[in-house]
Amino acid sequence: MEDARIDRLEVRFDELAAEMRRSLAGIDTRLCKIEARVEQCATKVEVGELRSEMYKMSSELKTWMLATMVTIIATSLAATFGLHHWGS
């Protein structure tokens, strides 16, 4: 009778062990996916560098836009006054 109980416990133990192996395999698969994504993530330093570069580009773009606007206005004024005095 004791042997039958031990046999049932061994069978149950084997079932639990197999279930644990399957669970661990699933966890291992998910962990590998997470690790792969973490390698693609930027660090705080990289984000800071990107932010600095974007701010620099924004400043340069604003400077070019202002210079272009001033050039357009100056050209328009020169053309207007040139045509006005040329026609007189």
Taking side-chain contact (heavy atoms from CB on, under 4.5 Å) as the test, write out the residues that go with [X], two or more places apart.
X	answer
Leu9	Arg5
Ala42	Glu46, Val47
Leu16	Arg12, Glu19
Ala18	Arg21, Arg22

[X]: which other cluster members, linking ILVMFWY side chains closer than 4.5 Å, directly or transitively?
X	result
Leu61	Met65
Trp64	none
Val45	none
Met57	none

Donor-acceptor contact present, side-chain Ser52 to main-chain Gly48, <3.5 Å: no
Between Ser59 and Tyr55, is there a donor-acceptor pair closer than 3.5 Å when you use the side chain of the first and the backbone of the second? yes
Donor-acceptor list for residues 26-39 side chains, cut-off 3.5 Å, not counting sequence neighbours:
unit_1	atom_1	unit_2	atom_2	d
Thr29	OG1	Ala25	O	2.9

